[in-house]
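Taking it in order: structure first as structure tokens, then the write-up.
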Amino acid sequence: MLIAGNWKMYKRASETADFCLGLSPPPGVDVVICPPYTSLAMAAASGVTVYAQNVHWASEGAFTGEVSAEMLLDLGVKGSIVGHSERRQHFCETDETAWSRAEHALEAGLGVIYCVGEQEEEREAGHTEEVLRRQVSVLQPREGLVVAYEPVWAIGTGRTATAKQAQDAHAFIKSLVKVPVLYGGSVKPENAQELLSQQDIDGALVGGASLEVESFRAICETAARLS
Ligand code: PGA
């Protein structure tokens, strides 16, 4: 079971240090935090497993504002989120650019949490499987690749997919590509048990509830009990 905390654009380095001191991940579960770039070095120095939130497809070059897999490895970072819906929505990320990022990161030796998920209108129109099929079609199973199913309508909204909706989507993704699949979208201590007990849910990508060490630890402890 893998529990990853996506901090998005929250927490300075000093707040990161305080969080890591208080975390103490339980045994039996892989715990990862994904701070913003400016807090990666502080987090990695604490001994917690650290992933970035994005990574470029080139090793170096004229790509203002981007960071490469090699630069992350140099800091002790072990992986990266790729293709998060906020990157797709606000920064023109496509299935093709996301897979280029992931492919280079995996080749360089980073783990990748590759995000997919349908928007609300797509679910309402009955297009969930079609969207997931398109998003997953660019993936090639590789060592270190994990998918996160994050229905866009459940991210940061407090609305969680029902355990059945999540289980059905996970089983569908796994029928297309043989990789572990995390669930993301308003995971909290109160719903973690039900979601994480589903057969095809292999962990969680947690946003809001990963910002407080108590709630993140509670989700990690639930995962440890179920492992
Ligand atoms: P949330 O975010 O848990 O706040 O819904 C999840 C994510 O965006 O990865």
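Just follow the structure's listing: the first ligand is 1, and inside any ligand the first atom is 1.
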Enumerate the residue pairs fulfilling salt bridge (Lys or Arg N to Asp or Glu O under 4.0 Å) with a member in residues 53-66, sequence neighbours excluded, ordered by first and then second residue.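 Non-adjacent pairs meeting salt bridge (Lys or Arg N to Asp or Glu O under 4.0 Å): Glu66-Arg101.
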Sole candidate of Lys164, Lys178, Lys174 that passes salt bridge (charged side-chain N to carboxylate O under 4.0 Å, His left out) when paired with Asp200: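 So, applying the salt bridge (charged side-chain N to carboxylate O under 4.0 Å, His left out) to Asp200 and each of Lys164, Lys178, Lys174, only Lys174 qualifies.
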Pairs under 3.5 Å, N/O atoms on ligand 1 and on the protein: can you put them in a table with the distances?
from, atom 1, to, atom 2, distance (Å)
ligand 1, 2 (O), Lys8, NZ, 3.4
ligand 1, 3 (O), Ser186, N, 3.4
ligand 1, 3 (O), Gly207, N, 2.8
ligand 1, 4 (O), Gly208, N, 2.8
ligand 1, 5 (O), Gly156, N, 2.7
ligand 1, 5 (O), Ser186, N, 2.8
ligand 1, 8 (O), Lys8, NZ, 2.7
ligand 1, 8 (O), His84, NE2, 2.7
ligand 1, 9 (O), Asn6, ND2, 3.4
ligand 1, 9 (O), His84, NE2, 3.3
ligand 1, 9 (O), Glu150, OE1, 3.3
ligand 1, 9 (O), Glu150, OE2, 2.7

Gln119 versus Gln89: any side-chain heavy-atom pair under 4.5 Å?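 Gln119 does not reach Gln89 side chain to side chain.
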Please check this pair: side chain of Tyr114 against backbone of Leu139, looking for a donor-acceptor N/O pair closer than 3.5 Å. no
Trp153: which residues meet the side-chain hydrogen bond (donor to acceptor under 3.5 Å, both in side chains) condition with it, sequence neighbours left out?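 Here the qualifying residues are Glu118.
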Hey, could you give me each pair passing ring pair (Phe, Tyr, Trp, His ring centres under 6.0 Å) that has a residue in residues 204-227? Not counting sequence neighbours.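 Qualifying pairs, neighbours excluded: none.
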